[in-house]
Each structure stands twice: as structure tokens, then as C-alpha cells.
2 protein chains.
Amino acid sequence: MEEGTSKSPSHCADTDHAAGAADTDPFQWDTREDCEVRQILDRVADKWSLLVIALLDRRKLRFTELRREIDGVSQRMLTVTLRQLERDGLVKRTVYPVVPPRVEYELTPLGGTLHTTIRTLVTWTEEHQNEIAAAREAYDAREAAV
Amino acid sequence: MEEGTSKSPSHCADTDHAAGAADTDPFQWDTREDCEVRQILDRVADKWSLLVIALLDRRKLRFTELRREIDGVSQRMLTVTLRQLERDGLVKRTVYPVVPPRVEYELTPLGGTLHTTIRTLVTWTEEHQNEIAAAREAYDAREAAV
DNA sequence: CTGGATCCGACATGATACTG
DNA sequence: CAGTATCATGTCGGATCCAG
């Protein structure tokens, strides 16, 4: 992630419906790799990004607070993730030039709209995790039987 | 499979609201790693999974058809992805015992509900990709200036 | 045609140490 | 406190070969 930061993917799908038209074409969206949409999707659907955005909903948090709240994130990954989100205009970073450095992170309006969307995905997962767990057990059992 | 397929993460967040209750607690969901929700999320938000589910919406496709439609996917990744989705009960795999093997993939009802959700995420991305692109340019320009 | 198995390189991520 | 820099490594993913 940190390496290839300045890729310039093709705007393949920013055709018409990207502007907001109620295009409901079932499938045909990206398919092609190096598509901007797919790239953004990968970033947005990222493990840590998801968590950061969720935690930042409606409140500011400092670097260390975020780090403490997100179990398992390394300092490095948190920094990288925050930078990406900042670059994408989803998170705003405010530095207070005081003696012990103080940096606060918060969602931008754009980030806020994403939060809603992400929340939908999370809710879906929460609602169906049991079904998925069951499906896995069934699948594994079937496999083991063979 | 080769990667971590048989992890048994803790059911940390499958508490109450997971059952479907209209719980709108702003943030507190996973945070902890090795949380089942987070694991499912990672799978579901996966690059290839997203594409496969999108393509499978409302129609069956054969292995080769999928491979052809998804630009850039290797045989291996497609196989792995399909297996995961099948295990999770999102995709149904049907094998026809004919001379040239014929295997068809289609979404299960559960997979169908996920498609809707994913579609939301994709739509968001499509609608905001310009804003994000602009934010990136602005950010990069700001950086370069320094 | 479908896909399992293996080898292997590349990149993402983690751990650690250092700085303003 | 909030990073940056460096090094170590695990995993992902691609290529290839092979089998039912």
C-alpha cells in the first residue's frame, strides 16, 4: 500500500452513471482491473480503514486513542491507513502545535457519507454471521466426510 | 486451501443486535481483531469476492465464463475465491457429470442479499470517485509544495 | 473443462529503534 | 505524543504442471 501510492488508474467506469444517475444496470461496472472504482473499493473496504471510519463517526479522536481502540493495529499501519484516508479526503487531520504534540482525526463530510454505507455492510455481516458460520460448518463437515 | 482457512475466531460481537434487532449504536461493534465479524468483512470486502458476487447477480456462470469476465484474475485466485464463497454459503456450485466437466456457479439467497449491500458500496464509490480523485490531487499538490 | 498441488517472488504488514 | 526509518517476515497471488 505504501509503495504504489501514486498509481494513475484508468477512469474506466466513471462513464455516465457515476454522476449519480439512477443507473441500475445489474452488473457491468468494473470487471477490468486498474479501474479507479476497483482501486477505491479496495482502499475503502480495507480492514483498518473500515475500523477507523467506524470509530471516527461523529467524534474526533487522537492518534493514541485510535490506536488503543483498535485492537491489533500496529503504529505503522494506523499511520499508513490514516494517511490514505486523509489523502482520499475522507478524514481530516488537525495538528495542534503544542509541546506534547496533539493530533486529532475526524471524518470529513465525505467520510461521513461513507460511514453510512459502511455501516450497512457491517450490519449485514452482523445479521448474517450465524448463517455464514452454519454454512461453513456444513461445508467443512461435508468435506471431512469425503 | 493454503491460507488461513480454518481459523476459529471468537464470536465477540454476535451478542444481541446480531440477531437483527435495530441496534444503531454508532460505533461499538468489533474493534477487536480475530472477531468473527471482522473476519467475514475481510472476506466479503475482498477484491475478487466483490467482483464474483457482482457478476453472479441473477445468473449462473461457468468457471471459464467468470474467468473471462474478470480481467486480471488468475485461475488460482478464482478457484480460491469461489471456494471461500461456497463455504460461506454465498455461492452455490453445481457440477454436471458430463464428459467435458461443466460447473456452474450462482448466488444463493444469502448471497443475493449480500449483493444488494455490496451494490450500495459500489454505488457510493462510483458517485464519489471524482471527489476522491480531487482530494488526492489536492493532497499531493500540498505535499509537493513542501 | 475444471481445478488441485507446488514452487516462488513480490508486496503488505509487523516489530523495533530513533526523532521532533 | 506522534510519527518516520529500517529491517524482518508472512501471506498473497501468479505461473506451471498435472489429473479427473
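Proteins get letters first, then strands, A, B, ... in listed order; numbering begins at 1 in each. Values reported hereafter were calculated over all heavy atoms of this structure, with side chains retained and with hydrogens, waters and symmetry mates removed. No experiment lies behind these values; they were computed from the predicted model shown.
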>> With a 4.0 Å cutoff (strictly under), does any side-chain N or O of B/Y105 reach OP1 or OP2 of C/dG3?
In response: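 Answer is yes, contact under 4.0 Å.
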
>> I'd like to know if A/R119 and A/E126 make a salt bridge, using a cut-off of under 4.0 Å between side-chain N and carboxylate O.
In response: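 Result for this pair is yes, salt bridge flagged.
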
> Between B/R43 and B/E86, is there a salt bridge with N-O shorter than 4.0 Å?
Replying inline: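 Answer for the salt bridge query: no.
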
Checking [X] now: which residues fulfil side-chain contact (heavy atoms from CB on, under 4.5 Å) with it, not counting sequence neighbours?
X      : value
B/S74  : B/R76, B/M77
B/E104 : B/K60, B/R62, B/Y96, B/R102
B/V99  : none

For [X] and [N], give me the distance from atom [atom1] to atom [atom2], rounded to whole Å.
X      : N      : atom1 : atom2 : answer
B/E104 : C/dC1  : CD    : P     : 15 Å
A/E65  : D/dC1  : CD    : C1'   : 11 Å
A/D46  : D/dC12 : CG    : P     : 14 Å
B/K47  : C/dC11 : NZ    : C1'   : 12 Å
A/M77  : D/dG10 : CE    : P     : 16 Å
B/Q84  : C/dG4  : CD    : C1'   : 15 Å
B/D71  : D/dG13 : CG    : P     : 16 Å
B/R67  : D/dG13 : CZ    : C1'   : 13 Å

>> Which residues pass the side chain to side chain donor-acceptor pair (under 3.5 Å) test with A/R83, not counting sequence neighbours?
In response: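 Listed in chain order: nothing, the list is empty.
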
>> According to side chain to side chain donor-acceptor pair (under 3.5 Å), who are the partners of B/T117, at least two apart in sequence or on a separate chain?
In response: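 Testing B/T117 for side chain to side chain donor-acceptor pair (under 3.5 Å), a comparison that skips the adjacent residues, returns none.
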
>> By the 4.0 Å heavy-atom rule, please label A/R83 as base, sugar-phosphate, or nothing.
In response: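 Sugar-phosphate contact only - A/R83 comes under 4.0 Å of backbone atoms but never of a base.
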
>> Heavy atoms only, 4.0 Å cut-off, all strands: where does A/R93 land among base, sugar-phosphate and nothing?
In response: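 Since only primed, P, OP1 and OP2 atoms lie under 4.0 Å of A/R93, the category is sugar-phosphate.
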
> Nucleotide by nucleotide, 5' to 3', does protein get under 4.0 Å of the base (B), only the sugar-phosphate (S), or neither (-) in nucleotides 15-20 of chain D, counting heavy atoms?
Replying inline: B----B

